[in-house]
Each structure stands twice: as C-alpha cells, then as structure tokens.
Amino acid sequence: MPYFFKICLIGDFAVGKTSLARRFLYNEYQADYQATIGVNISKKEIHLTDPIPAQVTLVIWDLAGGEPFTPIVEAYYRGAAGALFVADITRPATVEHLSQYIEEFRLVNPDAEAVVLLNKVDLLSAHAVEAFDQETLREKLGTPIFLTSARTGYNVENAFLSLARRLLEKTNHA
Amino acid sequence: MSDPKHELETLREILLAQDREKLEALREEVERLKAKIDNPEAFLQVIEPVIAEALAQRTRTHPKEVAQALAPIISDAVRLQIRENRDAFVSAMVPIMGPLISRTVQEAIQALARRVDEQIRRATSFQLLLKRWWARLRGIPPEEIVLREALPWTPVSVLIIDNKSGIILTQVYREGEEFGKDPDLAAGLLTAIRNFARETFTQNGDTPQGTLYELRVDSYTVLMEEGPGFYVAWVGIGVPPMNAHERLQELIGVVQTATSTTLWTANGEPPPFLMEFLEKEFLQEEEVVLEESQGVPKVGIALITAALAGILLLCGWGAYRLAPKAVAHILPTAVTYLTPTVETYGMPLAEPLPAVLTRSTAPRTAPDPRAQPLGTILPSGTNVYIVAEYRDTWAQIAYPTAEHPRIVGWVPKSMLKPQAP
C-alpha cells in the first residue's frame, strides 16, 4: 500500500533548507544562494523496509525562510504530517529560533512529527562539533536531532528517512 | 684608404635594408590596425563579417554556453535602452515584433477556421439546418453556434485533492494527459495557490472567504469547487460547459457519499462507482449547449407559441363544427400535452411528473448545493417522478413509483429530462 505524506522544511533564511531538499531529492549541491519565494514543492518516492515494507511518497513543502507566522504560512503548514526544522549550526540565533518554529507548527498540526537538522556542520571543526551540546537542545525541543551538511551530503538522507519512518510507524499504529 | 665607419654603414645598409623595409611595413600595418581599433566605426566594419559568422558557428555548436554568456549583457543592454531611449527601442522592435505578432494571430485564426470548417463538414446538413433554425429562434447568430462548437471543452483530468495537504485523494485522466508533468506536484502547487488566494483576499480578522474557482494556464483551464476537507479540480482545454460548477458541486455530493458511508476503503482505494462516475461524467467530450444572448427578445418562442395556439383554436373550432363529440377527446389531451410546464410548475406539483435522470447523482436533503447528500446514488437513466419544484433550478424527486412515492431528495433540474405522462 502506498503512503503519501506532506512534510515541511522550516527555519530561518539561508540555513540551507532548499540545499537539503536538493541533496535529498537529486543528490546535488548548488553553492550560490537563491532565496525561496513563497514555497517550493517537490516529492520523492522512497521504499522503506522498517518498520514495515512500504512505498512512501514524501511531498516536500520547502517554505521561504524567516517568514513571520502569518495566515499564509499557517495555511502552508496545514495538513503536514511532519516537519524538518533546520538551523545553521554556525549561527546560534538560528538554533534559538527553532523552538518558536516548532511551537507555531504544533499549533496548526498538534500531532505532527518533528525532526531537527543542524546544518552546515562541515563548516565547524571536529572539536567544535564535539563541544556542541546536543543533549540539552534535544531535551529542550523534544525532537531527534541530526547534524547535517547539504554541501557534503552528510546525514541528509538519514534525517529525511528518519522522519519518514516515524510517520510510517505512527500511521501504521493508527 | 676608405673610412671604415662608412664602409660599415654601407655593409649594414646592404645587410639590413630588406629587414628595415619589412619592419617599416609592419609598423605601418600596426599603426593602421591601431587606428581601426581606436575608431569604433572602423573596427566594427572589420569584425562585423567575422563576428557574425563566428557567433553563428558557436551558437550552432554550443547554444547553451552562448546563451549564458550573452544573456546578462543583452538583458542589461535592453534594459538600459528601454530606460534611456524608449521611443527608439520601440521603433527598432516594431519591424520585428509586428510581423511576428501578425503571423501568430494569422496562424491562430487559420487554425480556428480549420476547426470551424471541420465542424461544418462533420455536421449533416439536416443537423446544421436544425441548429441554425433553433439558434435564430433563440436570438443567437448561427455563426456563433459554429464558432462555439469549434471551441469545445476537452476534459483532460479530474482530481479530488485534500484541502489541507494538497495530496491527491483520487484522480482520473485521459491516457497520456495527466495534470501537469507530475500531478502530485501540480496538486500541491494548486493547493498552495488556493491558500495564498484565500488568505490574501480575506479581510482582516475575518474567517477565510476568498475561494479560487478558476485558473487559466495557457490553453488549460482548471475549474475548482470546494467540499468539506477536500476540493475537486476539473482540468480541460477550451471553453468549459455552462453548468460546469454545478456539476462539480454534484461531484462533491457524490464524494461525500463515498467518504461518509465508509465506501472509501481502508487502504485508500476509492469505491468503483466513484471512479465510474468521474470517468463517465467528467472525461467525455460533450455536445455544446449555448445560452441565449442577453437582451435578445424571445420573439421566436412567442411566434411558435402563437402559431400553436392558432392551430389549436382552429382544430377546436373545426371539431366543434364537424363533430361535437370529439371536443372532449381532443382538447384536454392537447392542453395537457402541450403546456405541461405552464400548468405543473409550482411547489408541490398537483400530479407527479415522470422524468428520467440524465446524469448519475446523489439527491440532497434540500434544494441547495451545500446541502447534505442523502447517501443514495441514482445512476443515469433512472426513472423518477418530480413531486415538487424549487424556483427554476431544483426538483424534488420521488422514487420508485408515483402511487407510493418514497421521497428521495432534491436534484438540480438540469439533470432531469421530463417524460410524457
């Protein structure tokens, strides 16, 4: 049985939402920054074997970054089964804003799944990555956290697949 | 003894004279070229024949690279020209754009003319004659009929889309003609556009009201109607039928029935009757129905009515004169038969009027497209009885018998074809 899930990519501007989507969809990276206007919609079919064998189609709504929580943004959130919240690990302010984005998203979709991606990890030294306090952030946000790099592709697929598995598991239980 | 210095000079002359001449010639050539380069007009004359050929060759072999290289320069130059010298730019463009537009329009008109010719050829002379006669009666120029038939509504697909997520719940489409390159993405974007339109046109603090009913992209038209939790989108090419939105509302009723009665199976497969309904009612090309032109008097209808009334009177008079017994036989039958609409329309009807459903439909609890469907889908061709009417648009139908009618509900009158009693 095929499954269709709408998921949103949410976060501040220039944190790499579109680059993450491109990496996941086409396994490519574009160095020059082009701001997303409104919303980009794309989809990817994936075959999961865990928790059950299933063909899952993720319809990805990549939303413009840093938009205030207007009724239009609220409308774009509506009907999403889950979301990937993205921050730039080199810009602490974008990480701080995550809790607000999650709160707004949950107002519209109280039961939706959420996963946090701390992107641009390739720009930090190994020491700095190790020093980053993921545990505190995980406790604060209550979501799984993935360190990712759209530039190198590090952990990108894992993050998307993790969300897909959670959605599949939840739907299957329901 | 000769002067050695002089001899050396003579020797140098002999040895280097030729080189010096060459050097001098080269210097002159360089000077000439430099003068040409420094003078834009002269330089242009030199490179013009070469650069055109070079550019042409490069464009043939590497079109993408040439376009990428030239695009920023050309767009900047064009922008600058438009800003600084608009009139000159317009004058320069007119000779190019004028014929181009003219050619495009000519081709479009030729294509339309071909379709009109085809339409006329296809119609038998009797059909055409009838249509023209009927058009004249209703005040429509016959050429409008032919023109309208040349622009038919060709359905491409019909989709039922989740209102919130934009995910397609089900769809049917003509073979090879899906909605957009990827229907899933198209449905998502359509939903985003609807959301945007709704929020944009909603007054401050109001509940959302702005609903997008129609969208046109090139030759495609997307007609939309909103149901509870989903919306339906009908994609096609050409001029949509007049009752398109009414039919979409009817479809919403059918979908509601499918969802509310748990006919939509647990694995997400829509019930077969819904798919049949979609294919039959929304994917088949249909005959064009024209609306009367506004403001044209119904002279034709009045004349026909007067003529029929005259014939009736003559018949009645003749019957009265020749065979008084026949009056009882002829008059009531004729009146009942010829003027059913005048006598029977009202709410409720004195006598149930037999009719047949021209489309599969789910009757509603009230004469309102937003009213709840009753959960019974009557297939096209079902014989029913009209027992009441609401305005000129809705009829309350009974099913299955006139003697013991079981009230089924309300359906649009456009879906009923009255039958002779």
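Chain naming here is simple, since letters A, B, ... match the order of the sequence lines and numbering starts at 1 in each.
Applying the 6.0 Å contact sphere to OH of A:Y29 captures more than 12 heavy atoms from other residues, nucleotides or ligands. Around CD of A:E103, the count of heavy atoms belonging to other residues, nucleotides or ligands within 6.0 Å does not exceed 12. A 6.0 Å sphere centred on OH of A:Y154 holds no more than 12 heavy atoms belonging to other residues, nucleotides or ligands. The number of heavy atoms from other shown groups lying within 6.0 Å of CD (A:Q100) does not exceed 12.
Taking CD1 of A:I60 as the reference point, atom CG of B:L185 lies at 10.0 Å (rounded to 0.5 Å).
For a residue to count as touching a neighbouring chain, one of its non-hydrogen atoms must lie under 4.5 Å from one of that chain's; by this rule B:L189 touches chain A with backbone and side chain alike. Heavy atoms closer than 4.5 Å to chain B are found nowhere in A:Y77, neither backbone nor side chain.
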* Would you check, one step at a time, whether the test side-chain contact (heavy atoms from CB on, under 4.5 Å) holds for B:D162 with A:F4? => CA-CA 11 Å; B:D162 182 72; A:F4 281 80; over 6 Å; no
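Contact record, B:E199 with A:P71: OE1-CB, 3.1 Å, taken as the closest heavy-atom pair. Minimum heavy-atom separation, A:G79 to B:S165: O-CB, 3.3 Å. Residues B:A192 and A:Y76 share a closest heavy-atom pair of O-CE2, 3.8 Å.
Of all residues in residues 40-56 of chain A, those placing a non-hydrogen atom less than 4.5 angstrom from a non-hydrogen atom of chain B are A:I41, A:S42, A:K43.
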